[in-house]
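First listed ligand is number 1; within each ligand, the first listed atom is number 1. Bear in mind that the values here come from a model prediction, so they are computed numbers and not experimental data. Sequential numbering from 1 along the given sequence is applied to the chain's residues.
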Amino acid sequence: MQIIPTHYPETRKRRNRRQEFSRRLVRESHLSAHDLVLPVFVAEGKGVREPIPSMPNTFRLSIDELLKLVAELRDLGIPAIAPFPHITQDKKSLDAAYAYDENGLAPRAIRAVKEAFPDFGIFIDVALDPYTSHGQDGVVDDNGYILNDPTIEILIKQALLYARCGADYVAPSDMMDGRIKAIRQAFEEHGFVNTGIMAYSAKYASSYYGPFRDAIGSSGNLGKADKYTYQMDPANTNEALHEVAMDIAEGADFVMVKPGMPYLDVLQRVKEQFAFPTAVYQVSGEYAMQEAAFAHGWLDRNKIILESLLAFKRAGADMIFTYHAVAAAKLLQQQK
Ligand code: PBG
């Protein structure tokens, strides 16, 4: 692209900004409810709407409540959810066996949503952190090191179970090497040729995930431990391109950059380099910071929600995972 040098007064950039109609005509990025995916926290029980203190206005929902929410999302034009189960302590173990239990909470949630709303999209998280007693995304050796290939064997079982339940996309968020290829192969072998993979490709070892770990109830299990031996170093971007390249080659249908706003540079490079369907996740910590400021009246809620989501579109995102999805979709409706 060539940028032609222009000068004042021949060029006055403010002319196109003067009126709403011309601002609209020159607008380069657009945000729509169709771009949004709502991450949802699912809990056992009936009629449960349990608040999450570090994520104001977000709740853990029992499956019956989740179905009510999905009806609302559908009416708002939001295409999909990303469910995360809140697993009770008695179901957590060193081998994460509940991750592939046919009657587990996540499989029940997928089946219920797909039965009631067959056309509504599900991106189901594939990772072991809700299921391990230590809160890591994989099984560990005697020194606590997260084992790559034994973890993949469990992820395959989990992914196949979700495919059988009717999930549209599995979303491996564990950052083990080679898991996209292994899951794709298993899907092909078992006839799930149309079940997609949304790969958390450039997933950083970020402290912005804190409130999420409260929400799924893994903070206490993880304690002071970190995920530095498998999630990416926040200092790196070239490495993110390699991660994305590998996941595309291994059969991913979407790649993701996560977190969102602190990693817009990574998102932009990924989209420019690969021109591939690219997702971004406005994570729990980003949400919590904004909600804290809203609660104090320090930032304008409606404006900040739309501005922060538009930033992802400008940087190249095709799809945005955001806890603000409902609020954003309602605001976008009002704008019409
Ligand atoms: C688990 C997972 C995490 C998130 C999505 N899937 C947390 C983690 O890796 O510790 C974070 C989402 C958020 O913070 O909103 N594999």
Side-chain angles (χ1 to χ4, degrees), residues 36-42 52-60 81-87 92 96 99 105-106 122-132 134-140 146 148 151-152 154-155 158-159 162 167 169-176 179-180 183 197-234 243 254-263 279-292 308-309 312 319-325:
L36 309 177
V37 173
L38 178 69
V40 289
F41 300 110
V42 188
I52 301 156
S54 52
M55 298 186 69
N57 302 315
T58 300
F59 302 85
R60 291 186 199 111
I81 50 169
F84 295 94
H86 177 263
I87 302 299
K92 300 186 191 228
L105 180 55
I122 297 184
F123 291 86
I124 183 70
D125 199 68
V126 167
L128 304 187
D129 55 312
Y131 303 100
T132 53
H134 42 64
Q136 296 288 0
D137 293 46
V139 289
V140 300
I146 291 84
N148 198 84
T151 296
I152 289 182
I154 306 172
L155 296 176
Q158 188 184 23
Y162 295 160
Y169 290 84
V170 296
S173 70
D174 56 290
M175 289 299 278
M176 296 301 113
R179 88 283 205 214
I180 303 302
I183 292 171
I197 303 180
M198 204 296 305
Y200 284 72
S201 303
K203 176 167 176 179
Y204 286 86
S206 172
S207 298
Y208 283 98
Y209 307 151
F212 172 95
R213 293 176 189 165
D214 298 338
I216 66 158
S218 72
S219 319
N221 303 81
L222 197 59
K224 291 214 178 318
D226 58 59
K227 300 190 176 183
Y228 298 155
T229 70
Y230 50 107
Q231 298 180 349
M232 277 186 58
D233 184 338
E243 283 283 6
F254 274 94
V255 293
M256 177 186 270
V257 173
K258 178 185 174 198
M261 193 128 84
Y263 295 82
V280 66
Y281 200 140
Q282 183 179 51
V283 301
S284 58
E286 299 174 64
Y287 175 84
M289 289 197 302
Q290 292 186 356
E291 286 290 331
S308 66
L309 296 176
F312 297 128
M319 162 166 82
I320 306 166
F321 283 45
T322 175
Y323 301 98
H324 288 313

What's the spacing between [X] [atom1] and [Y] [atom2] if we round to 0.5 Å?
X	Y	atom1	atom2	result
Glu243	Ser201	CD	OG	7.0 Å
Leu155	Arg179	CG	CZ	8.0 Å
Gln290	His324	CD	NE2	4.0 Å
Asn221	Arg213	CG	CZ	11.5 Å
Ile216	Phe41	CD1	CZ	8.0 Å

Around [atom], find the nearest protein heavy atom and jot down its residue, atom name and distance.
atom	result
atom 12 (C) of ligand 1	Phe212 CD1, 3.3 Å
atom 11 (C) of ligand 1	Lys258 NZ, 2.9 Å
atom 14 (O) of ligand 1	Ser284 OG, 2.7 Å
atom 8 (C) of ligand 1	Lys227 NZ, 3.3 Å

At the 4.0 Å heavy-atom cut-off, does [X] count as touching ligand 1?
X	result
Lys203	yes
Phe321	no
Gln231	yes

Subject >> NZ or CZ of Lys258 within 45° of Tyr208 ring axis and under 6.0 Å >> reply: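 No.
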**OP:** Tell me whether the guanidinium CZ or amine NZ of Lys227 lies under 6.0 angstrom from the six-membered ring centre of Tyr230 and within 45° of its axis.
**Re:**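 No, Lys227 does not sit over the ring of Tyr230.
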Residue portion contacting ligand 1 (non-hydrogen atoms closer than 4.0 Å) for [X]:
X	value
Tyr287	neither
Asp174	neither
Asp129	side chain

Within the 4.0 Å heavy-atom shell around [X], which atoms of ligand 1 are there?
X	answer
Phe84	5 (C), 6 (N)
Ser173	1 (C), 2 (C), 6 (N), 16 (N)
Asp137	1 (C), 16 (N)
Asp125	6 (N)
Arg213	8 (C), 10 (O)
Tyr281	12 (C), 15 (O)
Ala127	16 (N)

Say whether [X] and [Y], considering side chains only, have a donor N or O and an acceptor N or O under 3.5 Å apart.
X	Y	value
Tyr287	Thr58	yes
Gln231	Ser206	no
Asp129	Gln136	no

Original post:
What about Tyr263 and Tyr204, are their ring centers closer than 6.0 Å?
Top reply: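 Yes - the distance between ring centres of Tyr263 and Tyr204 falls below the 6.0 Å cut-off.
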**OP:** Decide whether an N or O pair under 3.5 Å exists between Tyr200 and ligand 1.
**Re:**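 No - when backbone and side-chain N and O of Tyr200 are compared with those of ligand 1, no distance drops under 3.5 Å.
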